[in-house]
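Small disclaimer: the values here were computed from a predicted structure and weren't measured. As the structure lists them, so they are numbered: ligands from 1, and atoms in each ligand from 1.
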Amino acid sequence: MRAAVLRQVGDAALEVRDDVDLIEPGSGDVVVDITHTGICHSDLSVMNGTIPQQHTPLVLGHEGAGVVAETGDDVTSVSAGDHVIVVWSPPCGGCVYCLAHKRPNLCAALQFGVMLRRQFRCGEQELGSMCGVGTFAERTVVPEQAVVKIDESIRLDVAALVGCGVMTGVGAALNTAKVAPGSSVVVFGAGGVGVSAMQGARVAGAAAIVAVDRNPAKLAVARSFGATDAVLPEDLDAAKAEMNGGEGFDYAFECIGSPATMRAAYDAVRRGGTCCVVGVGRIEEQVSFSAFEIFFNEKNLVGSYYGGADVRVDFHRVLRLAESGQLDLAGMIDRRLPLEDINEGIEALQAGEVVRQIVEL
Ligand code: APR
Ligand code: ZN
């Protein structure tokens, strides 16, 4: 089958091959025919080493949806023909994070195990996969906890986006920060994740939603997804001066993944406000805070992992919001590509030109 393979970290392009095979599924596994996969910035972050993975070469991709082709003997929640969204961080359903803490997004019981797997093969060589899923392939094999069944009436291209960017951004606003009605919000980065955070803030009833992006073309895009204002980074101070008598925003969402914008997001919120870091930076990078300001400002600085979601509940919630017209997910797709052209898509995302591109398999 066809798949897009990252040979090694640092490569600027993927190798699109047509001779990749899948390992035999185990008793708890599900084989999924991937029909659509989005290209997310985290894919680029694996290519450039920001997000470390266990094995290379690997099949990239983690934002996908498709149709179940086959199930192992012990699988009970899905069967062949079911439409599913792939979950890049599957909750095991039985650990202390899933049950006692009620934070299934933080369950690592299965994630690290699946990341160690090499479920693809290319001749004699075994291939790993991004997060143990590898959706830049016509077919993948994952544990049953890594798929969520959806209604067949739902478009699979839209469903793919819910598998990462949409859930991450909408969930950051609704689950992690719990944006309050009437509040003021600033979102750094108008890519797929940032646009989803803006839409989540709108659903939550925010009165002001200001987008910040260094690409002027993205400012109009942000407005079309619910931003009430959109500014270049150099114009942020003027926008901040209008919020809470100049004190700043009630909430900031960093959807870029750089230390400078994480710090800028913290600075953009008022005392007692919430700075929610959604973007993923490099492990060795640091963000600094004065030891005094943490006490004095009493700001909430919180990370958001997979939108704080219980995917088994929240994927459906997001899809209902889309169906009722409160989230525009189809409108986020600005380009469709065959797998052969995936490197063009990667270049466009690198340049900050697109919200979400869909690879059709
Ligand atoms: N200042 C302002 N805007 C910036 C800056 C900056 N320093 N750097 C990048 N941007 C803008 C880009 O112009 C682009 O519009 O941020 C946006 C990022 O969008 P995408 O590349 O589409 O990224 P996305 O897929 O939305 O992911 C954002 O969330 O899940 C994480 O790993 C992901 O860290 C990444 C982040
Ligand atoms: Zn992603």
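- Looking at atom 26 (O) of ligand 1, its nearest protein heavy atom turns out to be V193 N, 2.9 Å.
- Few gaps surround CD on E234; more than 12 heavy atoms of other groups in view lie less than 6.0 Å from it.
- Classification of R223 and D229 as a salt-bridged pair holds, one side-chain N sitting under 4.0 Å from a carboxylate O.
- In terms of polar-atom proximity, C255 is not counted as a contact of ligand 1, lacking any N or O under 3.5 Å from an N or O of the ligand.
- The distance criterion of under 3.5 Å between nitrogen or oxygen atoms is not met by T261 with respect to ligand 1.
- Contact between L174 and G200 at its shortest, heavy atoms only, is CD2-O, 3.6 Å.
- Using a 4.0 Å cut-off to heavy atoms of G192, the atoms of ligand 1 that qualify are 22 (O), 26 (O).
- In summary, the side chains of S129 and Q119 do present a donor paired with an acceptor at a separation below 3.5 Å, with no hydrogens or angles considered.
- Note on ligand 1: Q350 sits outside its first shell, no heavy atom being nearer than 4.0 Å.
- Within the listing of ligand 1, atoms 15 (O), 17 (C), 19 (O), 20 (P), 22 (O), 26 (O) sit less than 4.0 angstrom from a heavy atom of G191.
- Taking only nitrogen or oxygen atoms, main chain and side chain alike, G279 does not reach within less than 3.5 Å of ligand 1.
- Between D237 and K240, none of the side-chain N atoms (NZ, or NE/NH1/NH2) sits under 4.0 Å from a carboxylate O, so this pair counts as no salt bridge.
- Ring planes of F289 and Y266: perpendicular class, angle over 60° (limits at 30 and 60°).
- Taking backbone and side chain together, H41 holds no N, O or S atom under 2.8 Å from the Zn ion (ligand 2).
- Taking every heavy atom of G189 and a limit of under 4.0 angstrom, the matching atoms of ligand 1 come to 16 (O), 17 (C).
- Considering only non-hydrogen atoms, atom 33 (C) of ligand 1 lies nearest to S42 out of S42, C40, G165, S45.
- Atom CD of E284 is surrounded by more than 12 heavy atoms from other residues, nucleotides or ligands within 6.0 Å.
- Between H41 and ligand 1, an N or O atom pair is found at a separation short of 3.5 Å.
- Between R214 and ligand 1, a contact under 3.5 Å exists for at least one N or O pair.
- Closest to atom 17 (C) of ligand 1, if we only count protein heavy atoms, is D213 OD2, 3.6 Å.
- Residue contact annotation: S258 has no non-hydrogen atom under 4.0 Å from ligand 1.
- For the pairing with F249, the side chain to side chain contact (heavy atoms under 4.5 Å, CB included) check across N244, I209, V210, T274 returns one residue only, V210.
- The SG atom of C164, the Zn ion (ligand 2) and the NE2 atom of H62 define an angle of 110° (nearest 10 degrees).
- Protein heavy atom at the shortest distance from atom 35 (C) of ligand 1 is I256 O, 3.6 Å.
- Under a 4.0 Å N-O distance rule, the pair D29/R117 qualifies as a salt bridge.
- Checked by distance only, ligand 1 and V355 stay at 3.5 Å or farther apart across all their nitrogen or oxygen atoms.
- A donor-acceptor pair is defined here as one N or O able to donate and one able to accept, closer than 3.5 Å; such a pair exists between the side chain of K178 and the backbone of N175.
- Distances between N or O atoms of T168 and those of ligand 1 include no value under 3.5 Å.
- Looking at E293 and R263, a side-chain N of the basic residue comes within less than 4.0 Å of a carboxylate O on the acidic one, giving a salt bridge.
- Taking distance alone, with nitrogen or oxygen atoms compared against 3.5 Å, P233 stays at or beyond that limit from ligand 1.
- The aromatic rings of F295 and F292 sit perpendicular to each other, their planes meeting at more than 60°, with 30° as the lower class boundary.
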